[in-house]
Amino acid sequence: MDVLYFAWVRERIGLPREKVQTEAATVTDLVEELIAREPRYAAAFADLSALRVAVDQQLADFDAPLAGVREVAFFPPMTGG
Amino acid sequence: MDVLYFAWVRERIGLPREKVQTEAATVTDLVEELIAREPRYAAAFADLSALRVAVDQQLADFDAPLAGVREVAFFPPMTGG
Amino acid sequence: MRVSVAEAPFDVGREVAEFSAGCSGMGAIVSFTGIVRDLPEAPLEAMEIEHYPGMTESALEDMARRAIERFSLGDALIIHRHGRLAPGETIMMVATAAPHRKDAFDAAEFLMDFLKSRAPFWKREITAGGADWVAAKDEDEDALARW
Amino acid sequence: MRVSVAEAPFDVGREVAEFSAGCSGMGAIVSFTGIVRDLPEAPLEAMEIEHYPGMTESALEDMARRAIERFSLGDALIIHRHGRLAPGETIMMVATAAPHRKDAFDAAEFLMDFLKSRAPFWKREITAGGADWVAAKDEDEDALARW
């Protein structure tokens with residue numbers, strides 16, 4: 001699965017995207033796996049209320065299932081316009 | 001005093017403006033004087049709720065006083081924009 | 001602030017570009033353009049617009065000043081044509097510039113609501129069947145109540 | 001309907017003129033232009049805009065489609081830049097065309113409200129003191145509630 005990071009999430013984790021081998025059932029499960037890896041992930045995911053997630057390029061909730069998903073992206077609230 | 005007519009008021013009365021010698025105290029008094037003149041005025045002023053008035057180029061009510069006024073205009077509700 | 005009442009066509013793109021370029025410090029620009037509708041089911045030959053020279057200009061200036069004050073605008077523009085216009089021709093435009101989008105949108109709607117019912121213009125539609133003065137709409141009068 | 005996401009500047013005047021010219025039968029056109037604010041009291045060196053290639057385009061297309069359907073638009077346009085922009089540069093614009101003014105205004109505000117909080121763009125302000133990600137505003141999130 002491709003995992004993408006944008007804005008300060010990208011800065012804290014230190015890379016814009018990576019391949020992740022995971023059996024995580026939901027986004028929350030994936031976040032927990034990432035947090036367990038290294039402190040920089042824990043720092044990025046410290047406050048989930050400050051984060052948004054897209055699953056296969058659609059905005060989603062953290063309890064969204066990951067079966068069949070190819071791409072998950074984490075980022076702060078958007079500031080377009 | 002200059003009296004101006006616009007849109008279908010102008011068409012019914014048959015002219016765009018005229019000089020009127022009047023001692024009318026208010027717009028309503030002026031309207032009554034005009035109605036008394038000729039049927040075309042009576043036709044134009046038959047329904048005052050369908051008319052608007054400007055006194056010296058400012059929108060006004062029909063009870064507006066005419067002392068010192070130089071120009072009165074009658075017209076239907078405006079349709080700009 | 002600029003107000004223009006004229007018979008001649010104007011270039012919407014150029015007006016928007018010039019208005020935007022002149023607005024330093026403003027983050028939001030809104031423009032509204034009104035066009036003579038060209039409807040196949042009700043073919044219009046022309047739209048004729050009569051106005052009240054003198055009062056028109058002062059009424060538009062007054063509206064622009066009120067919008068600038070009420071919505072803290074950096075600038076406002078009103079252009080309105082009169083005379084005979086063909087379907088598809090541009091009738092008028094307003095533009096507003098404000099620090100943030102809500103004020104720019106509100107000010108443009110404020111100007112349009114006042115232009116519709118408080119600026120001395122009268123439209124007449126010319127069709128094959130004759131000429132009809134456009135009736136004022138209750139909804140346009142109602143739209144003023146919110147300001 | 002057209003959606004454009006690009007780093008290059010665009011010509012607001014030309015876009016508005018072309019959009020207007022292509023809208024037969026529409027009486028009302030609204031445009032919104034967003035500009036990097038140039039404030040003497042808080043000098044900005046640049047605004048950097050990051051986005052999510054792929055998702056951005058599909059999110060904007062989805063918003064434009066929803067606006068067209070919901071407000072019965074004749075057409076809608078969204079242009080949004082990314083990359084590094086100087087103060088005074090145009091960030092983005094939307095334009096809407098509808099038979100009547102209320103739908104054109106509502107649709108433009110609808111698009112702006114969704115662009116602010118639902119399109120994957122992130123702004124960073126570069127000043128002499130450093131670089132700061134622009135925080136999302138509660139009022140922008142609240143603005144979505146009305147649609």
Side-chain angles (χ1 to χ4, degrees), chain B residues 1-20 22 24 26-28 30-31 34 40-81, chain C residues 3 5 31-37 47-63 78-82 85 90-94 108-125 130-144:
Chain B
M1 180 185 296
D2 287 310
V3 182
L4 284 69
Y5 311 110
F6 291 97
W8 57 255
V9 182
R10 171 178 56 69
E11 292 179 328
R12 286 193 196 172
I13 291 177
L15 75 178
R17 65 189 300 153
E18 61 185 320
K19 291 268 182 201
V20 173
T22 178
T26 67
V27 174
T28 304
L30 173 63
V31 168
L34 293 169
R40 60 196 168 103
Y41 291 96
F45 292 110
D47 177 10
L48 288 190
S49 74
L51 290 184
R52 300 291 179 269
V53 61
V55 170
D56 281 341
Q57 304 196 353
Q58 296 281 340
L59 289 172
D61 294 322
F62 278 83
D63 58 5
L66 293 183
V69 164
R70 300 167 56 189
E71 187 172 301
V72 175
F74 296 100
F75 41 78
M78 293 151 278
T79 54
Chain C
V3 159
V5 181
S31 78
F32 177 92
T33 310
I35 296 170
V36 182
R37 292 181 69 189
M47 170 85 84
E48 284 180 0
I49 301 176
E50 182 172 335
H51 80 117
Y52 184 168
M55 179 173 166
T56 311
E57 291 79 356
S58 60
L60 300 191
E61 283 165 15
D62 182 53
M63 286 171 200
I78 306 175
I79 300 175
H80 205 301
R81 295 176 63 193
H82 59 89
L85 281 69
T90 300
I91 304 171
M92 50 71 62
M93 70 170 287
V94 304
E109 294 204 57
F110 171 93
L111 285 175
M112 286 308 304
D113 286 348
F114 276 84
L115 267 171
K116 283 275 168 189
S117 312
R118 292 292 181 273
F121 291 100
W122 300 274
K123 293 196 186 103
R124 184 159 56 167
E125 291 178 343
D132 284 307
W133 292 101
V134 173
K137 294 192 193 111
D138 287 343
E139 68 195 61
D140 285 335
E141 193 63 34
D142 295 346
L144 288 174

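Lettering follows sequence order; numbering is per chain, from 1. Only a predicted model underlies this, so the values are computations on that prediction, with no experimental measurement involved.
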Checklist entry - If you count heavy-atom pairs under 4.5 Å between each of C/Lys137, C/Arg81, C/Glu48, C/His80 and chain B, which one has the most? => result C/His80
Checklist entry - C/Arg124 versus chain B, heavy atoms under 4.5 Å apart: side chain, backbone, both or neither? => result side chain
Item to check | Atom CG of C/Asp138: over 12 foreign heavy atoms under 6.0 Å | outcome: no
Checklist entry - C/Met55 and B/Glu71: side chain to side chain contact (heavy atoms under 4.5 Å, CB included), yes or no, with the steps? => result CA-CA 11 Å; C/Met55 179 173 166; B/Glu71 187 172 301; over 6 Å; no
Checklist entry - In terms of heavy-atom proximity below 4.5 Å to chain B, should C/Ala135 be classed as side chain, backbone, both, or neither? => result backbone
Checklist entry - Do you know the tightest heavy-atom contact between B/Thr79 and C/Trp122? => result OG1-CA, 3.3 Å
Next on the checklist: Among C/Phe32, C/Tyr52, C/Phe114, C/Phe121, which residue has the highest count of heavy-atom pairs closer than 4.5 Å to chain B?
Outcome noted: C/Tyr52
Checklist entry - If you draw a 6.0 Å radius around CD in B/Glu18, do more than 12 non-hydrogen atoms from other residues or ligands fall strictly inside? => result yes
Item to check | Side-chain donor/acceptor of C/Lys123 to backbone N/O of B/Gly80, under 3.5 Å | outcome: yes
Item to check | Interface residues of residues 49-57 of chain B facing chain C - heavy atom cut-off under 4.5 Å | outcome: B/Ala54, B/Gln57
Checklist outcome for this item: Applying a strict 4.5 Å limit to non-hydrogen atoms, the region of C/His82 in contact with chain B is neither
Checklist entry - Measuring from B/Met78:CE to C/Asp140:CG, what's the distance to the nearest 0.5 Å? => result 11.5 Å
Next on the checklist: Are the side chains of B/Phe75 and C/Glu50 in contact, using a 4.5 Å heavy-atom criterion?
Outcome noted: no
